[in-house]
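Let me begin by presenting the structure, written as structure tokens, before commenting on it.
Basis for what follows: all heavy atoms, side chains included, without hydrogens, waters or symmetry-related copies.
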Amino acid sequence: MPTCPLPSDPSLVQLRKQARELQRRLLSGDAAAAALVAEHHPGAPPGDASLHTAQLTVARQYRFPSWPRLVAHLGVLADISRAPDVDPPGANASDRFLTHAVLRYGGDDGSTRWAVSRQLCAADRTIGRTDIYTAATTADHVALQEFLLKDPTLANRQGGPLDWEPLLYLAYSRFDPNVPEHDVVATAALLLSGGADPNAGFAWHGLPTPFTVLTGVFGSGEQGRSQQPHHPHAMALARVLLEAGADPNDGQGLYNRMFDPDDSHLELLFDYGLGTGDGGPWHRRMPEVTDSPTQLVSAQLSWAVSHGMIDRINLLAARGADLDAPLHGHSPLARLITPTELALISGLPHVASLLAELGAQPAEVDAGTRLVGALLCGDAAQADLLLAPDPGLLDRLRTRHPGLILRAAAAGSPAGVRLLLDRGFDVNALARHDLPIDQEWETALHYAAGEGDLELARMLLSAGADPRIKDRRFQATPLGWAENFEQEPMIELLRGVTTPD
């Protein structure tokens with residue numbers, strides 16, 4: 001049954017209101033509310049509009065087996081939820097330094113923010129010795145040892161403006177790219193020998209997957225490596241943490257790094273047991289909202305297959321990833337199909353061939369999936385062959401998957417774009433470029449603009465692409481995307497055809 005994750009910063013008051021609202025809708029005879037109950041609580045008596053039924057339905061909608069389990073989870077979040085991207089009011093110099101020196105996973109991460117922390121250091125050379133949190137951030141192991149000698153309990157005590165343990169400040173520190181590796185390793189060793197938890201972490205705004213010490217070390221994320229770089233000594237620091245017992249099944253760290261083709265973190269994590277075990281302390285603490293080790297590896301395979309990451313597919317296969325089981329991915333679609341099917345509907349037949357070479361069993365792929373693959377690749381002959389026994393399949397496909405032109409563009413298939421245009425697919429259809437699902441996010445012209453692909457943009461414009469359409473996430477035109485990604489030639493092209501708003 002379809003479920004959804006909890007919203008950011010969830011509260012019991014908020015969820016109680018949802019349950020009460022659902023109950024009111026049930027009492028009024030709302031058909032959609034009754035359908036929701038039937039979907040998530042099929043055992044409820046017909047017409048049941050009790051608060052218990054409404055609460056259970058809300059809980060199951062958020063992936064929890066019962067209302068008490070959801071309430072218990074909120075209690076866990078109350079202890080671990082943090083908002084590191086929010087500057088505390090009235091911060092003193094050391095607190096300003098700490099909030100500007102670390103990777104916070106906010107919209108303003110990057111060199112400009114970290115430069116502020118360097119300026120504060122330059123203005124006050126002693127700022128790194130203010131307390132154990134500044135000492136950890138600056139990797140000043142001499143000062144840190146002095147703090148621990150005075151009070152050994154500081155090694156695992158939350159504090160500073162972010163209410164983090166010292167080890168988290170060390171792992172998320174980014175202000176000094178030239179910090180010596182020896183200082184970083186020595187600081188980590190002192191904290192760990194003093195009792196610091198190598199699995200320390202927090203829930204970013206109460207979201208489900210914990211941001212752990214390893215998450216901070218590996219860095220990266222949706223904003224890319226330039227804004228969210230890994231720690232200057234990520235591999236050395238990660239190895240120290242793993243040796244000390246950090247669980248390698250780090251869901252948020254794996255997610256953040258999956259966008260980048262670098263697989264060094266995966267190789268290290270596999271060496272320490274990625275994909276095995278019970279998922280570690282965080283999965284035991286929040287089993288409903290964190291993935292198991294097997295699911296984490298499957299999600300990595302899903303992304304690698306849909307984005308043609310050949311080296312990663314080879315690595316995952318060599319490390320025992322199941323190439324035949326339905327995928328557990330970041331897309332709801334990935335949970336329904338095998339890696340081979342995902343490769344075909346992503347327009348990557350060479351990936352499907354690779355999976356077969358690596359031992360994947362031949363998949364029984366329906367005609368619709370094979371037709372999607374042929375269209376995305378620009379294989380007109382294969383498309384005609386598939387349509388011969390069922391000409392109506394093309395119309396059904398246009399209705400079911402209207403955004404295939406964007407998918408072909410993202411797959412780097414200009415031949416596929418041309419064939420889809422020729423077969424009547426809408427050049428202005430909204431879809432997603434990062435996953436092969438029909439969620440209405442942006443058009444193919446938005447994608448071309450962000451990538452700076454002039455040839456593709458000209459092809460789309462000549463086919464009737466409307467440069468005035470705004471995407472559904474940022475409310476920006478393709479010109480806005482080009483400007484955001486600083487694609488100067490594309491900006492010049494689109495300015496000439498975009499009507500000012």
Residues in salt bridge (charged side-chain N to carboxylate O under 4.0 Å, His left out) contact with D30, at least two apart in sequence or another chain: R25
Enclosure of E486 CD (heavy-atom neighbours >12, cutoff 6.0 Å): no
Within residues 5-22 or reaching into it, pairs that qualify as salt bridge (Lys or Arg N to Asp or Glu O under 4.0 Å) - sequence neighbours excluded: E21-R24
Pairing residues for E288 by the salt bridge (charged side-chain N to carboxylate O under 4.0 Å, His left out) criterion, not counting sequence neighbours: R69
Sub-4.5 Å side-chain heavy-atom contact between V417 and L460: yes
Set of side chain to side chain donor-acceptor pair (under 3.5 Å) partners for N256, sequence neighbours left out: Y105, Q252
Short side-chain donor-acceptor distance under 3.5 Å, T338 and E341: yes
Identify every side-chain donor-acceptor pair in residues 383-402 under 3.5 Å, counting partners at least two apart or on other chains, and give the distances.
residue, atom, partner, partner atom, Å
D384, OD1, R423, NH1, 3.2
D384, OD1, R423, NH2, 3.0
D390, OD2, R396, NH2, 2.5
D395, OD1, R398, NH2, 2.1
R398, NH1, R423, O, 2.4
T399, OG1, D395, O, 3.2
H401, ND1, D438, OD2, 2.7

Modelled atom types, side-chain donor and acceptor of H40 and T57, under 3.5 Å: no
Aromatic ring proximity, centroids under 6.0 angstrom, F211 and Y172: no
S306 (side chain) donor-acceptor with S302 (main chain) under 3.5 angstrom: yes
Qualifying residues under side chain to side chain donor-acceptor pair (under 3.5 Å), relative to T369, sequence neighbours excluded: D366
Mutual orientation of the aromatic rings belonging to H73 and F64 [parallel < 30°, tilted 30-60°, perpendicular > 60°]: tilted
Set of residues satisfying salt bridge (charged side-chain N to carboxylate O under 4.0 Å, His left out) with respect to R257, sequence neighbours excluded: D262
Contact list for residues 420-439, test ring pair (Phe, Tyr, Trp, His ring centres under 6.0 Å), sequence neighbours left out: H433-Y447
Listed once per pair and sorted, the ring pair (Phe, Tyr, Trp, His ring centres under 6.0 Å) pairs that draw on residues 454-493, sequence neighbours left out: H446-W481
L103 backbone acceptor or donor facing D109 side chain under 3.5 Å: no
Distance-only polar pair, side chains of D260 and S220, donor-acceptor under 3.5 Å: no
Under 3.5 Å side-chain donor-acceptor pair for T443 and N428: no
Ion pair D471/R432, N-O distance below 4.0 Å: no
H205 side chain to D85 side chain, donor-acceptor N/O pair below 3.5 angstrom: yes
Mutual orientation of the aromatic rings belonging to H231 and H233 [parallel < 30°, tilted 30-60°, perpendicular > 60°]: tilted
Selection residues 212-222 - residue pairs positive for salt bridge (Lys or Arg N to Asp or Glu O under 4.0 Å), sequence neighbours left out: none
Charged N-O contact under 4.0 Å between D108 and R113: yes
Pairs touching residues 457-466 that satisfy side chain to side chain donor-acceptor pair (under 3.5 Å), sequence neighbours left out: D466-R468
Pairwise side-chain contact, P229 with W114, heavy-atom cut-off 4.5 Å (strictly under): yes
For L456 against A409, the heavy-atom pair lying closest together: CD2-CB, 3.7 Å
Those residues that, when tested against H100, pass side chain to side chain donor-acceptor pair (under 3.5 Å) (two or more places apart): none
